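Please read these numbers as outputs of a predicted model, since none were measured by experiment. Read the numbers this way: they start at 1 and go in the same order the structure lists the ligands and their atoms.
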Amino acid sequence: MSNATKPATLLVDDKSFELPTRDGSTGPSVIDIRKLYAETGMFTYDPGFTSTAACSSSITYIDGDIGKLLYRGYPIDQLAEQSNFLEVCYLLMYGELPTQGQYNDFVTRVTRHTMMHEQMTNFYRGFRRDAHPMAIMVGVVGALSAFYHDSTDITDPVQREIASIRLVAKMPTIAAWAYKYSTGQPFIYPLNSLSYSANFLRMCFAVPAEEYVVDPILEQAMDVIFTLHADHEQNASTSTVRLAGSSGANPFACIASGVACLWGPAHGGANEACLNMLREIGSVDRIPEFIARAKDKDDPFRLMGFGHRVYKNYDPRAKVMQKVAHQVLDRLGVENNPTLQVAQALEKIALEDPYFVDKKLYPNVDFYSGIILDAMGFPTSMFTAIFALARTVGWISQWKEMIEDPEQKIGRPRQLYVGAPERDYQSMAQRG
Ligand code: SDX
């Protein structure tokens, strides 16, 4: 619970109202406006929620001005360097780093839930082979509600826990099978002897006809990419999951809503859009043309992978991602990857251009991730599915926190109505 500090005073038509304020443990305090409408008859107005705290949370904190990201207080660069994705999952879900015993138990539980009900394979066969993997992910994740009735009662903490473990465990299988289905190759089943990230790579790239050995450098890179994408405060898809959850919808349906929202190119779809943009630029000498388009008010084009609602400095995840890009490309012998060269030149030019400097537009998590995933062999259509796989632990942790929050109510925003005032129905003859 935040401490109460001195109230804010609001003056409306010469009448003053006192609104309580609250401090968090870190970051901006809030003005509690829950009684504003009852006392003033007015709403606040904040499309896109640029100045609105929709909840209190102790999971993730971003300081956009200095480019800092903390998961349960731990800096993202330390977790990327020293931890691993399943340990980060434990941290996000339970709030503390696990002891060795807690970690071993958690890994075993996740490992034992990586398989899906065999009938789930039928859902894939209903899609065209060229279906976008995110279309499949939305459908199959939502369909989990039809198979795991023993973990859909959101009022039962045991069922909430089982559903959370199931979702974290099954997303790699769901995503890998979406990729396999698009290639016409058979599904590869999870192998319990492998790590979470190695399992995902093997389910994507192995074929039944021969052994597949996961490259440890790529396994480590995949694990870091999962960690970097795990959670990010109340972003659009997390807010979607919370809003869906506030109605009491089951966790599988809520996560499916998060997958749907993440798909947008302004959000999780930016990694796919960014690589497509880098390819369209094609060479360093065409960069000025695209920079000019990004600055042109009349051109809807935006530099994908650049800018962020919260970061007004370098996205700390992009810094780690850039390091991973060099490691992977070096390992794969494609260090002079032309797309990476365009990306690095574009970043340098943009960071020196007054337009981007003045608007505090920096590379975000999506700027380099596509280059890595492309080099690893993933088609661009799989990039956002991989983002969704990793973000599932963040969504489910935020969902669980919302369910257990005594202040939570069903989300029901109001509006500024600018439509027609009341008027009587007119018959066809009266309409002229
Ligand atoms: C993710 O919320 C999260 O935390 C998301 C995420 C997560 O982990 O969940 O971090 C993941 O979604 C990262 C962002 C990926 N999206 C992209 O890379 C798409 C390109 N970026 C833009 O669409 C944009 O920067 C947003 C959507 C990310 C943020 O937009 P905002 O906060 O609404 O900012 P804005 O649109 O009001 O832009 C402010 C100004 C505008 O110019 P003015 O109207 O003030 O003159 O900056 C301009 C914009 O036109 N601008 C850009 C730009 N981004 C913003 N101009 C050119 N290229 C860009 N990329």
Any salt bridge linking [X] with [Y]? Criterion: basic side-chain nitrogen under 4.0 Å from a carboxylate oxygen.
| X | Y | result |
| --- | --- | --- |
| Arg293 | Asp299 | yes |
| Glu161 | Arg166 | no |
| Glu39 | Arg34 | no |
| Glu404 | Arg160 | yes |
| Asp77 | Lys319 | no |
| Arg242 | Asp405 | no |

Please report which non-hydrogen protein atom sits nearest to [atom], along with the residue it belongs to and the distance in Å to one decimal place.
| atom | answer |
| --- | --- |
| atom 11 (C) of ligand 1 | His267 ND1, 3.8 Å |
| atom 28 (C) of ligand 1 | Gly307 O, 3.7 Å |
| atom 57 (C) of ligand 1 | Ala294 O, 3.7 Å |
| atom 20 (C) of ligand 1 | Phe306 O, 3.4 Å |

Considering [options], which one's heavy-atom position lies nearest to [atom]?
| atom | options | answer |
| --- | --- | --- |
| atom 32 (O) of ligand 1 | Arg309, His232, Lys312, His229 | Arg309 |
| atom 38 (O) of ligand 1 | Arg302, Lys359, Met277, Glu233 | Arg302 |
| atom 58 (N) of ligand 1 | Leu228, Leu303, Leu69, Asp358 | Leu303 |
| atom 53 (C) of ligand 1 | Asn271, Asn235, Leu361, Thr50 | Leu361 |

Taking the ring centre of each residue, are Phe378 and Phe205 less than 6.0 Å apart? yes

Could you check whether Phe290 and Phe301 have their ring centres less than 6.0 Å apart? yes

N/O of [X] under 3.5 Å from N/O of ligand 1, yes or no?
| X | value |
| --- | --- |
| Asp315 | no |
| His308 | yes |
| Ala266 | yes |
| Phe387 | no |
| Ala236 | no |

Partner of His232 under ring pair (Phe, Tyr, Trp, His ring centres under 6.0 Å), chosen from Trp395, Tyr311, Phe387: Tyr311

Protein heavy atom under 4.0 angstrom of atom 8 (O) of ligand 1, is there one? yes

Backbone, side chain, both or neither: what part of Asp366 comes under 4.0 angstrom of ligand 1, heavy atoms only? side chain

One residue to check: Ile62. Relative to ligand 1, which of side chain, backbone, both or neither has a non-hydrogen atom less than 4.0 Å away? neither

Should [X] be listed as contacting ligand 1, given a heavy-atom distance under 4.0 Å as the test?
| X | result |
| --- | --- |
| Asn364 | yes |
| Lys297 | yes |
| Tyr355 | yes |
| Arg317 | yes |
| Lys295 | no |

Of Asn104, Asp105, Thr99, which is the lone residue that meets side chain to side chain donor-acceptor pair (under 3.5 Å) with Gln102? Thr99

Numbering the atoms of ligand 1 from 1, which are under 4.0 Å from a heavy atom of [X]?
| X | value |
| --- | --- |
| Met304 | 18 (O), 19 (C) |
| Gly305 | 17 (C), 18 (O) |
| Ala270 | 15 (C), 16 (N), 17 (C), 18 (O) |

Going by atom types only, do Arg309 and Thr50 share a side-chain donor-acceptor pair under 3.5 Å? no

Determine yes or no for a side-chain-to-main-chain donor-acceptor pair under 3.5 angstrom, with Asn364 supplying the side chain and Gly305 the backbone. yes

Do Arg202 and Tyr212 form a cation-pi contact, if we require the NZ or CZ to be under 6.0 Å from the six-membered ring centre and within 45 degrees of the ring's axis? no

Tyr417 atom OH, over 12 foreign heavy atoms within 6.0 Å: yes

